[in-house]
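Atoms considered below: every heavy atom in the structure, side chains included; atoms not considered: hydrogens, waters and symmetry mates. In this text, all values refer to a predicted model and were calculated from it rather than measured experimentally.
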Amino acid sequence: IKDLYSPDLKLVAYPNPVEDNLQLELESPWSGEVNLEILNSWGQIVKEERTHKSSSLLSHNIHLADIPAGMYIIKLKQNEFVNVKRFIKK
């Protein structure tokens, strides 16, 4: 099964660059489970979280003090749809 990009799945991540806490805002018409993966520049998963979205907007904080400085990708999956964002960890 291939992941699909959807323009209805809007993801904002800030601040960028981030020191300890990355704030995510996800807007989509769907509710349900949301899977988050933080990947390093080699594509390895360094952090995973799951949360539940019950309204059109989800605000979620990810604590990143335990990962080293560098460039990362956050991959967010809801249903079969995926959105990704790059960010820098100071």
Side-chain angles (χ1 to χ4, degrees):
I1 297 174
K2 185 176 179 179
D3 292 332
L4 302 172
Y5 171 77
S6 172
D8 293 328
L9 187 68
K10 297 180 179 118
L11 176 62
V12 176
Y14 61 91
N16 191 7
V18 62
E19 288 190 31
D20 293 329
N21 293 294
L22 184 67
Q23 184 66 35
L24 301 177
E25 291 184 0
L26 168 66
E27 186 178 348
S28 73
W30 311 289
S31 61
E33 187 173 276
V34 176
N35 296 308
L36 306 162
E37 294 178 345
I38 305 291
L39 300 110
N40 64 18
S41 56
W42 294 281
Q44 299 165 320
I45 297 171
V46 295
K47 191 167 194 111
E48 287 183 276
E49 291 189 13
R50 290 188 181 169
T51 189
H52 186 81
K53 184 173 167 294
S54 58
S55 65
S56 63
L57 182 64
L58 170 72
S59 291
H60 185 75
N61 185 51
I62 299 181
H63 187 68
L64 299 173
D66 56 335
I67 66 171
M71 184 175 291
Y72 292 88
I73 293 174
I74 181 154
K75 180 179 177 183
L76 184 141
K77 185 173 183 179
Q78 186 180 18
N79 300 326
E80 70 273 15
F81 299 106
V82 170
N83 200 332
V84 296
K85 292 282 182 193
R86 289 186 183 145
F87 69 92
I88 296 171
K89 167 73 166 63
K90 287 197 230 178

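Considering NZ of K89 and CG of N16, their distance stands at 12.5 Å, rounded to 0.5 Å. Distance CG/L24 to CD1/I74: 4.0 Å, rounded to 0.5 Å.
Under the salt bridge (charged side-chain N to carboxylate O under 4.0 Å, His left out) criterion, K85 pairs with no residue, sequence neighbours left out. Residues satisfying the side chain to side chain donor-acceptor pair (under 3.5 Å) criterion with K53, sequence neighbours excluded, are S28. The salt bridge (charged side-chain N to carboxylate O under 4.0 Å, His left out) search around E25 returns none, not counting sequence neighbours.
In the hydrophobic clustering of this structure, I45 groups with V84; members are Ile, Leu, Val, Met, Phe, Trp, Tyr whose side-chain heavy atoms approach within less than 4.5 Å, directly or through other members. Taking hydrophobic clusters as Ile, Leu, Val, Met, Phe, Trp and Tyr residues chained together by side-chain heavy-atom distances below 4.5 Å, I73 shares a cluster with V82.
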Using a 3.5 Å cut-off and no angle test, enumerate the donor-acceptor pairs between side-chain atoms of residues 58-68 and protein atoms at least two apart in sequence or in another chain.
{"unit_1": "H60", "atom_1": "NE2", "unit_2": "E49", "atom_2": "OE1", "d": "2.6"}
{"unit_1": "N61", "atom_1": "ND2", "unit_2": "N21", "atom_2": "OD1", "d": "3.3"}
{"unit_1": "H63", "atom_1": "ND1", "unit_2": "N21", "atom_2": "OD1", "d": "3.1"}

Below 3.5 Å, can you tabulate the donor-acceptor pairs from side chains in residues 33-41 to any protein atom, sequence neighbours excluded?
{"unit_1": "N35", "atom_1": "OD1", "unit_2": "R50", "atom_2": "NE", "d": "2.9"}
{"unit_1": "N40", "atom_1": "OD1", "unit_2": "W42", "atom_2": "N", "d": "2.9"}
{"unit_1": "N40", "atom_1": "OD1", "unit_2": "G43", "atom_2": "N", "d": "3.2"}
{"unit_1": "N40", "atom_1": "OD1", "unit_2": "Q44", "atom_2": "N", "d": "3.0"}
{"unit_1": "N40", "atom_1": "ND2", "unit_2": "Q44", "atom_2": "OE1", "d": "2.8"}

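Think of Y14 as one node in a network of Ile, Leu, Val, Met, Phe, Trp and Tyr side chains linked at under 4.5 Å; its network also takes in V12.
Of all non-hydrogen atoms in W30 and Q78, the two that sit nearest each other are O-NE2, 3.1 Å.
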